[in-house]
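Everything on this sheet refers to the single structure shown next.
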Amino acid sequence: MVAMIEVKDLKKRYGDKQAVDGISFTVKKGEIFGILGPNGAGKTTTLEMMETLRPIDSGTVLIDGIDVAKDPEKIKYIIGVQPQTPAFQDKTKLTEVIEMFAAAYGERVDAMQFLRDVELEEKANSYVESLSGGQKQRLSITTALVHGPKVFFLDEPTTGLDPQARRNLWGLIEKVRDRGISVIMTTHYMDEAEVLCDRIAVMDNGKIVAIDTPKNLIKQLLKRGFTKEQHVEQANLEDVFIDLTGKGLREDI
Amino acid sequence: MKRSLFTVLTFVRINTKRFFRDRLALFFTIGFPLIFLFVFGSLNNGSGNVSFNVAVINNSTSAFSKTFVQQLTDSKILKVNKDVKTIDQAKEKMTRSELDATIELPTDFGNVSPGTTYPSGVANVIYTQNNAQSATALTSILDAQFKAINGKFVTNVTPFTVTSTQLNQLSLSPFDYTFAGLLGFAIIGMGIFGPVNVFPELKKMGILRRLSTTPLRVWQYFLSTMIGQAIIGLLSLGIMFIVAVLVFHLKVVGNWFELAAFIIFGIITILGIGLALGGWAKNERQAAPLTNIIVFPMMFLSGTFFPRYLMPEWLQNISAFLPLTPIIDGIRLIATEGKHLIDLLPQIGLIGAWLVVIYFIAFRVFRWE
């Protein structure tokens with residue numbers, strides 16, 4: 001498999017806090033890569049540096065062979081970004097949102113096609129403020145794909161959604177991956193990471209403490225002699241997570 | 001380049017549509033300046049013919065006095081308060097400046113005195129200290145009326161008289177100044193308060209941040225805002241012109257195209273201030289104080305609410321260099337004095353200089369979040 005993203009020794013410092021402390025990983029073409037970690041672990045900062053939103057202190061990020069720090073304008077054409085809480089200006093029709101985002105890339109698209117991809121074609125002429133949280137997430141996903149990016153970033157895409165909307169979104173994210181797009185997402189939900197991610201990196205205090213497929217991470221934990229009180233033979237990803245990063249409650253940064 | 005412009009025009013098209021769907025925005029850009037226009041327009045219209053609020057207390061029963069009172073009541077110069085019947089009521093209202101003066105006709109007013117063939121009498125103008133000026137004016141008005149009446153009863157020779165002739169030439173009315181000022185107010189409302197209110201909100205919601213992950217450039221975003229504002233601004237000011245012409249008898253003698261071009265130039269310059277402030281501010285708390293510091297002095301010193309010629313000369317000299325001043329002056333010079341753009345090179349030069357400075361700052365301080 002070809003590496004779509006190569007991150008090498010990436011660092012970012014805010015004041016006296018080393019938010020990202022020399023992390024390295026690669027993401028292959030057409031895989032879903034999850035970044036997990038408690039609040040303040042450096043997930044969002046990592047994502048933002050890759051998305052050209054934050055300057056990189058040191059280290060490199062290559063996306064499709066292009067250096068993010070050196071050529072951010074070129075990078076913008078090959079990445080799609082889904083923010084944590086998608087927001088749109090009021091009184092804008094769904095088709096217009098798509099048209100505007102396409103226009104930002106200098107492109108003219110069939111807005112209906114993109115709405116159909118996320119099952120929003122019936123809402124085409126509604127204003128964005130009439131959408132539910134899940135519908136906004138779906139609209140946001142499809143707007144991030146209007147220019148046919150090679151990499152798709154999602155920051156906690158299912159936070160605050162009901163179980164049905166979450167599962168629906170998982171299906172959409174898998175469809176995006178199946179089109180050959182590399183998906184990088186952060187999440188707090190272990191079940192989500194277990195179901196959705198092909199590989200995950202667990203971050204804590206700005207460092208990656210483990211990186212592998214969910215299955216392998218669970219196996220490794222069991223090998224170390226981990227047992228659950230009632231179901232001796234079973235452990236889930238949540239156990240891995242807590243084992244790696246501790247139980248202490250973290251302050252939101 | 002063609003692609004870049006397509007981006008800009010798509011943003012203009014959709015943002016303009018959005019504007020017309022937003023009733024609150026419509027009210028603040030079009031309705032709000034219109035309300036000011038009606039308020040200030042009506043205030044100014046009254047000052048065209050001076051009128052005095054007076055009470056007339058007629059103690060006489062003569063036929064002449066009754067006709068005289070009727071004449072005063074019909075007069076356009078005097079506003080006779082009919083509720084006031086006694087001198088005490090009148091005194092009370094005068095001390096509160098609700099009345100400028102009281103005209104008292106004594107009991108013998110209009111009676112024919114023994115030995116004469118015509119009615120005679122002395123009218124008494126009563127006033128308080130703070131109304132001395134109106135009383136003097138009123139006395140001379142009455143004096144002139146009595147002279148006309150006297151002429152009918154007693155023929156006398158008047159070797160010297162005075163007449164006045166109104167020239168049919170254009171002259172500026174206070175409303176011309178007020179109107180140009182109100183246009184300035186409308187331009188500030190759209191150009192500065194618009195972006196200053198909207199941008200921090202867009203930043204808070206992360207909408208600008210999301211746009212910054214696309215290849216959209218700041219200049220494209222600014223240019224689309226400029227074109228959109230020019231369209232909406234022309235519409236808003238156009239409606240103000242229509243109302244001013246139809247309701248307040250504004251006479252526009254200048255060329256409409258030159259006027260439109262000049263107004264667009266002005267709107268874009270002032271919009272730059274809004275883009276700089278809104279683009280810089282991270283949130284409303286940062287935006288509001290700085291905006292007030294910049295906008296309110298400029299609004300008053302540039303003559304939006306009262307004309308600059310009322311200011312002391314040193315202040316006029318300073319305020320002449322504010323960006324809004326040449327815009328307001330220029331609009332007035334074109335619209336009501338029929339000047340051409342070629343005559344306005346000093347104004348255009350000054351606005352142009354501000355345009356460069358303002359946009360230089362706006363591009364430097366802009367933040368997507």
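Quick caveat, the model's predicted, so the values are computed rather than measured. Any value given below was found using the heavy atoms of this structure, including those in side chains, with hydrogens, waters and symmetry copies removed. Below, chains carry the letters A, B, ... as their sequence lines are ordered, and counting in each starts from 1.
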Enumerate, atom names and distances included, each donor-acceptor pair closer than 3.5 Å involving a side-chain atom of residues 190-206 of chain B, sequence neighbours excluded.
unit_1, atom_1, unit_2, atom_2, d
N197(B), ND2, F193(B), O, 3.0
K203(B), NZ, G278(B), O, 3.2
K203(B), NZ, G279(B), O, 2.5
K203(B), NZ, A281(B), O, 2.8
K203(B), NZ, R367(B), O, 3.2

Margin query: Using the side-chain hydrogen bond (donor to acceptor under 3.5 Å, both in side chains) criterion, which residues pair with W170(A)? Sequence neighbours excluded.
Written below: E192(A)

Notebook entry, point to check: Is it the backbone or the side chain of K74(A) that comes under 4.5 Å from a heavy atom of chain B, or both, or neither?
Noted result: neither

Margin query: Please classify the contact of Q82(A) with chain B as side chain, backbone, both or neither, using a heavy-atom distance under 4.5 Å.
Written below: neither

Next item on the list: Please name all residues satisfying side-chain hydrogen bond (donor to acceptor under 3.5 Å, both in side chains) with R209(B), sequence neighbours left out, ordered by chain then number.
Entry: E48(A), E369(B)

Notebook entry, point to check: Which heavy atom in R21(B) sits nearest to a heavy atom in K91(A), and how many Å separate them?
Noted result: NH1-O, 2.9 Å

Margin query: Counting heavy-atom pairs closer than 4.5 Å to chain B, which one of K93(A), E99(A), Q89(A), E107(A) comes out on top?
Written below: Q89(A)

Notebook entry, point to check: chain A contacts: which residues in residues 5-17 of chain B have a non-hydrogen atom closer than 4.5 Å to it?
Noted result: F6(B), T7(B), T10(B), F11(B), R13(B), I14(B), N15(B), K17(B)

Margin query: With a 4.5 Å cut-off on side-chain heavy atoms, are T213(B) and L53(A) touching?
Written below: yes

Check: Side chain, backbone, both or neither: which part of F88(A) has a non-hydrogen atom closer than 4.5 Å to chain B?
Finding: backbone

Note to self: Which heavy atom of P215(B) sits nearest to which heavy atom of A104(A), and what is that distance?
What the structure shows: CD-O, 3.8 Å

Next item on the list: Using a cut-off of 6.0 Å, state whether more than 12 heavy atoms not belonging to R13(A) lie near its atom CZ.
Entry: yes

Item checked: Nearest-0.5 Å distance, CD1 of residue I207(B) to OG1 of residue T92(A) -> 8.0 Å

Item checked: chain B contact via Q84(A) - side chain, backbone, both or neither, heavy atoms under 4.5 Å -> neither

Check: Checking A102(A) against chain B: side chain, backbone, both or neither under 4.5 Å from a heavy atom?
Finding: neither

Note to self: For the interface with chain B, which of V97(A), D90(A), T52(A), I75(A) has the highest count of heavy-atom pairs at distances below 4.5 Å?
What the structure shows: D90(A)

Checklist line | Greater than 12 external heavy atoms within 6.0 Å of Y14(A)'s OH | finding: yes

Note to self: When you measure from the side chain of R210(B) to the backbone of A87(A), do you find a donor-acceptor pair of N or O atoms at a distance under 3.5 Å?
What the structure shows: no

Item checked: Distance, nearest 0.5 Å, that separates OG of S224(B) from CE of M100(A) -> 7.0 Å

